[in-house]
Amino acid sequence: LQQGEAKSFQEDEIEDSEKISQLQLNNTKVYSSREEYAKNVPEGIRYLEFGVAWGYSAQLFIDTAKASHALLVDLYNQDLKCWSWRKFGSCQCEGFKHELLYSPENHQQYIIDKFSYHPNVATMKGDAVGVAKQLNGKYDLIYIDISNDRIQTRELLSESSRLVRVGGIIGLNDYLIYDGVIEDQPYGTFQTVNEFLYLNKNWVVDAIALHNLGFYDIYIKRIS
C-alpha cells in the first residue's frame, strides 16, 4: 500500500512490507517475553493502553513500572474468554486459567475494580481511534492491542505517535504478518509498523519481545 491507501486483499494475497532501516535497528534489544521487557521500563511512567481485555498487560506495566498515571481505553464489550477458550472450548493458558469473571455488561466495571488499589488509573470506553483523536496529553508508554486490521492499526499508530513525549515508547502486540495459530488469516501490524518507521525516521525500534507462539511485541521509541 501507498501512504494513505486502503485495499481489501483477497484470501490468497498478503501485503508486502517496507524494510526497517539498519540505523533504526542498531540499538534494538531482544527480550524473551513481554514480562522481561516490562522489567526494564523506567519507574513512574505515564501509561496509556488501547485494547485492555482482562487487564493483564495493563497490570504488568502499571505495577512493574510503578506507573504514576494510567488511562485504559477499550470498547469494554467482551467476556473473559481467551483465544484458546474460544477455539478449543476451554482455557489452555499456562499459569493462568481464565474464568467468566465478567460479561460485556460489566466489563468496564471489572477493570475499574481490578485497579481500584491505584489512585490514578482511569478507564475510557470507546473506539480506540476516536478516543485517541480526543486526547492531548503526553505519555511515556502507549501499548496497543486492538484489532489487527491494517488500516485501523495504521490510523491508531499515527494518532498515538503525537501523544508520546521524546524518549517515549509505543508498544504493539501481534507483530506478525500472518496468524496461522488462532485465526488463520493475515495480520496488518507488521506492515503498519514497518511503514510507520519508513516514514518517520525520528523513531527507532527499542525492543522486540518474543512469544512462544510467535505473537511478538515490538516497542518503538521516539528519539526527536
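We use all heavy atoms of the structure for the numbers below, so side chains are in, but hydrogens, waters and symmetry mates are not.
Taking CG of Leu176 as the start and CG of Asn173 as the end, the distance is 9.0 Å to the nearest 0.5 Å. How far CG of Asp174 is from OG1 of Thr189: 5.5 Å, rounded to the nearest 0.5 Å. A distance of 6.0 Å separates OG1 of Thr153 from CG of Asp149, quoted to the nearest 0.5 Å. The structure places CD1 of Ile20 at 12.0 Å from CD of Glu195, a figure rounded to the nearest 0.5 Å.
A salt bridge does not link Asp74 with Lys125: every distance from a Lys NZ or Arg NE/NH1/NH2 to an Asp or Glu carboxylate oxygen is 4.0 Å or more. Of the charged side-chain nitrogens involved, none lies within less than 4.0 Å of a carboxylate oxygen, so that Glu155 and Arg150 do not count as a salt-bridged pair. With respect to the salt-bridge test (charged N to carboxylate O, under 4.0 angstrom), the residues Asp217 and Arg34 qualify.
The number of heavy-atom neighbours closer than 6.0 Å to OH of Tyr198, taken from other residues, nucleotides and ligands shown, is 12 or below. Residue Asn77 qualifies as enclosed at atom CG: its count of foreign heavy atoms under 6.0 Å is above 12.
Between Tyr216 and Tyr175, the gap from one ring centroid to the other reaches at least 6.0 Å.
Of the options Val204, Thr28, Leu197, Asn200, a side chain to side chain contact (heavy atoms under 4.5 Å, CB included) to Ile220 is made by Leu197 and by none of the others.
When the salt bridge (charged side-chain N to carboxylate O under 4.0 Å, His left out) test is applied to Lys221, the partners found at least two apart in sequence or on another chain are Asp206.
Side-chain contact check for Val52 versus Tyr76: some heavy-atom pair is nearer than 4.5 Å.
Taking the six-membered ring where the residue is Trp, Tyr110 and Tyr102 present tilted rings, their angle falling between 30° and 60°.
Residues Glu36 and Ser33 bring no donor and acceptor atom of their side chains to less than 3.5 Å of each other.
Residues Leu48 and Met124 share a hydrophobic cluster, clusters being chains of Ile/Leu/Val/Met/Phe/Trp/Tyr side chains in contact below 4.5 Å.
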